[in-house]
Amino acid sequence: MELTITIPEIGEKQFEPGITPAEILRTIENKLLSLKSIAAEFNGKMIDLKTPLKEDGELIYHSFETEKGKEVYWHSAAHIMAEAVKELYPQVKVTIGPAIDEGFYYDFDKNEPFSEEELAAIETKMKELIKSKLPFERKELSHQEAIDFFKGLEEDYKIELINEMPDNEKISVYTHNKFSDLCRGPHIPYPAKIKAVKLLKSSGAYWRGDENNKMLYRIYGIAYPNKKELREYLTELEERKKRDHRRLGKELDLYSINDDIGPGLVLWHPKGALIRHLIESYWKEEHLNAGYDLINTPHIGKAELWKTSGHIDFYNESMFAPIEVEGNEYYLKPMNCPFHIAVYNSSKHSYRELPVRYAELGTVYRYERSGVLHGLMRVRGFTQDDAHIICTKEQLYEEVENLLIFSIRLLKHFGFEDLQLYLATKPEKCVGECEAWDAASESLETALKNQNMHYEIDEGGGAFYGPKIDIKIKDALSRSWQCTTIQFDFNLPDRFGMEYTGADNKSHRPYMVHRALLGSLERFFGTLIEYHGGDFPFWLTPVQVMLIPVSDATAHYAERVRSKLRKAGFRAEADLRSEKVGYKIREAELKKIPYMAIVGPREEEENTVSLRKRKEGDLGSFSFNETIYKLSRQ
RNA sequence: GCUCAUGUAGCUCAGUGGUAGAGCACCUCCUUGGUAAGGAGGAGGUCACCGGUUCAAGUCCGGUCAUGAGCUCCA
């Protein structure tokens with residue numbers, strides 16, 4: 001019986017059972033496919049090009065250009081890196097080494113961390129190993145054989161991994177040259193396919209990410225099928241560094257963090273504070289339009305409050321130590337929820353009033369471990385654009401859907417297009433009834449589906465008190481930061497005894513949705529800086545137009561134009577220093593000011609300005625009205 | 001918090017045991033110049049902090065603090 005294999009590029013074809021994807025490639029006339037393929041996917045399962053096919057099915061070839069292909073490629077590079085390390089340091093024990101979004105890493109149990117020189121030596125050894133042109137060989141062992149095999153090699157970590165696998169399952173081992181590694185596979189057929197490799201950095205990492213375990217040393221690397229792509233990637237890394245909000249924050253004088261004040265506490269400088277003001281104004285207006293009530297609450301509250309909320313029991317290690325006043329303990333608030341609930345509970349509510357939406361730009365303080373602080377992205381004092389929606393079960397879906405639409409609209413207004421959405425569902429340990437969880441999860445998922453948004457499900461990733469939707473934005477180093485979070489809370493309404501009177505004249509417990517759309521102003525600002533590389537959208541840019549007189553003789557004219565522009569609602573400054581035009585233009589360009597208006601005797605006489613757009617250059621002469629028109633269309 | 005690295009002028013950085021440096025920024029003066037750096041001069045540092053070794057420490061050693069890359073956690 002011949003097998004029927006469907007290949008997207010080729011169509012349906014018949015083959016002898018046991019034929020491999022590599023052999024099939026030799027029978028078909030598609031040189032490009034043959035040349036590029038590094039692994040295959042058969043009926044949805046990734047396999048080696050050398051894996052014999054035993055049933056009918058669909059065969060997809062993967063090259064470095066597909067996501068899955070890249071993963072295989074980088075995983076193979078990680079294997080070669082481990083081999084190089086074992087060649088250079090036979091006493092080192094290998095652990096795990098997966099492909100990641102950009103490249104791969106491998107964790108090693110070694111006494112000393114890897115130095116720069118060692119990294120270079122490992123890279124050189126990798127290149128040698130790649131040149132050898134030996135193939136990757138797959139072997140399948142029984143559970144016991146695998147344990148014996150790795151015991152012989154004294155690879156304790158591998159044994160630990162095998163012990164956790166079901167013992168009736170075959171265990172695959174890939175060997176290249178003298179180095180064998182426990183590995184599910186697949187691998188590229190020959191390491192020689194790796195044409196360019198670079199080890200980027202090394203750092204400590206706990207075995208299995210658990211700080212109770214031994215600290216291992218991790219090496220990160222990247223590999224490409226040609227040198228040009230590697231060069232491009234390295235250039236891209238340099239470009240990303242230039243967008244880093246910590247660098248731009250200094251260069252553009254937006255904010256600082258001062259040792260004398262404390263780590264993770266942000267000082268917003270005038271230009272940063274102006275942007276924050278614009279964000280806040282826009283945010284408040286939008287919230288009022290969307291039916292929210294703005295409230296304000298204090299920064300500290302009594303210990304009893306945080307006992308009731310459960311924060312002292314469950315969140316204590318993230319809270320600053322209490323302050324004692326008149327025999328009472330007060331805590332800096334790590335969240336705004338109890339205060340919002342107190343506002344709600346200050347009076348009785350009828351179902352007719354719901355939904356109630358309380359919004360606040362609420363500043364909270366959290367004790368974050370020193371090692372995790374990061375510029376504006378991870379701080380100890382930050383202002384959440386927080387709100388709590390208190391509603392009935394019937395109102396749930398509409399509220400959630402509106403929230404999602406609202407959130408995405410806000411983010412898009414700031415220029416964000418590339419968003420990652422996650423739906424986090426019920427974890428093992430949780431509070432609240434199943435029915436409530438189901439209703440809430442369903443409303444979240446339906447909202448996502450109805451918006452046609454691409455999202456991923458984070459199974460069991462919800463908080464213990466409710467499911468949630470998170471929206472993340474990537475920073476300049478490709479790390480994702482959570483901004484929007486829309487989460488249900490089945491815990492606090494119970495703890496604080498929230499109620500409303502229903503149409504049946506009975507008391508009911510409302511549903512509560514806790515949400516932050518920008519997340520925190522600090523983190524949001526950080527992502528905003530990086531996303532735009534400091535070139536903020538025109539409406540947010542601190543100085544929109546810089547007036548540049550050609551000489552002191554036209555300084556007065558420059559000031560007059562500046563005043564007129566300000567009256568017209570634009571943020572205009574004038575550079576009146578005794579410097580040459582070229583110098584002032586250069587400075588304005590570096591400060592990322594979008595428009596420059598150069599004025600000399602000619603402009604003064606004609607009552608015009610010579611407009612110049614950042615990065616583009618001279619736009620020509622414009623009358624005042626034309627200038628206003630041009631700017632207002634930004 | 002853990003591992004490693006780093007900490008010198010406002011910023012970016014040089015300085016490998018023997019009198020603290022550069023460029024930019026800043027101040028003063030000259031220059032009034034037409035689309036990305038005009039010229040001269042000046043001021044500015046307890047070399048993160050504390051301790052140790054040494055005749056002598058920015059430099060070597062230890063500790064503390066901070067920052068960075070990760071681990072973990074989260075807005």
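Note: hydrogens, waters and symmetry copies are ignored here, and every other heavy atom, side chains too, is used. Not measured: the values here are computed from a predicted model. Each chain gets a letter, A, B and so on, in the order its sequence line appears, and its residues count up from 1.
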Hey, does the Lys NZ or Arg CZ of Lys468(A) hover above the aromatic six-ring of Phe488(A), less than 6.0 Å from the centre and inside 45° of the axis? no
Taking only distance into account, with no hydrogens and no angle test, what donor-acceptor pairs under 3.5 Å do side-chain atoms of residues 407-416 of chain A form with protein atoms, sequence neighbours excluded?
{"residue": "Ser407(A)", "atom": "OG", "partner": "Thr484(A)", "partner atom": "OG1", "Å": "3.1"}
{"residue": "Arg409(A)", "atom": "NH1", "partner": "Glu286(A)", "partner atom": "OE1", "Å": "3.1"}
{"residue": "Arg409(A)", "atom": "NH2", "partner": "Glu286(A)", "partner atom": "OE1", "Å": "2.9"}

Hunt down the Watson-Crick or G-U wobble partner of G18(B), both distances under 3.5 Å, from any strand shown, or write none. C55(B)
Sugar-phosphate only, base, or nothing, as touched by Glu616(A) at under 4.0 Å among non-hydrogen atoms: nothing
For the residue pair His311(A) and Tyr315(A), does the interplanar ring angle fall in the parallel (under 30°), tilted (30 to 60°) or perpendicular (over 60°) class? perpendicular
In 5'-to-3' order, the base (B), backbone-only (S) or no-contact (-) status of each nucleotide in nucleotides 67-75 of chain B, using a 4.0 angstrom heavy-atom cut-off, is SSBBBBBBB
Nearest-nucleotide comparison on RNA chain B, the residue closer to the 5′ end among Tyr367(A) and Leu590(A): Tyr367(A)
If pairing means Watson-Crick or G-U wobble with both distances under 3.5 Å, then the partner of A69(B) is U3(B)
Matching residue for Glu589(A) among Lys584(A), Arg612(A), Lys615(A) - test: salt bridge (charged side-chain N to carboxylate O under 4.0 Å, His left out): Arg612(A)
Have a look at Tyr217(A) and say if it touches a base, only the backbone sugar-phosphate, or nothing, with a 4.0 Å heavy-atom cut-off. sugar-phosphate
Candidates G33(B), G38(B), A36(B) - which lies nearest the side chain of Glu589(A): A36(B)
Please list, in numerical order, the residues of residues 412-422 of chain A that have a heavy atom closer than 4.0 Å to any atom of RNA chain B. none
Over 60° means perpendicular and under 30° means parallel, so classify the ring planes of Tyr292(A) and Phe406(A), tilted if in between. parallel
Take Val599(A) and Arg577(A), find for each the nucleotide of RNA chain B with the closest heavy atom, and name the residue whose nucleotide sits nearer the 5' end. Arg577(A)
Can you find a side chain N or O atom of Lys250(A) that sits less than 4.0 Å from OP1 or OP2 on U12(B)? yes
Taking any heavy-atom pair under 4.0 Å as a contact, classify Glu579(A): base, sugar-phosphate, or nothing. base
Please answer whether the main-chain N or O of Gln482(A) pairs with a side-chain N or O of Arg523(A) as donor and acceptor at a distance below 3.5 Å. yes
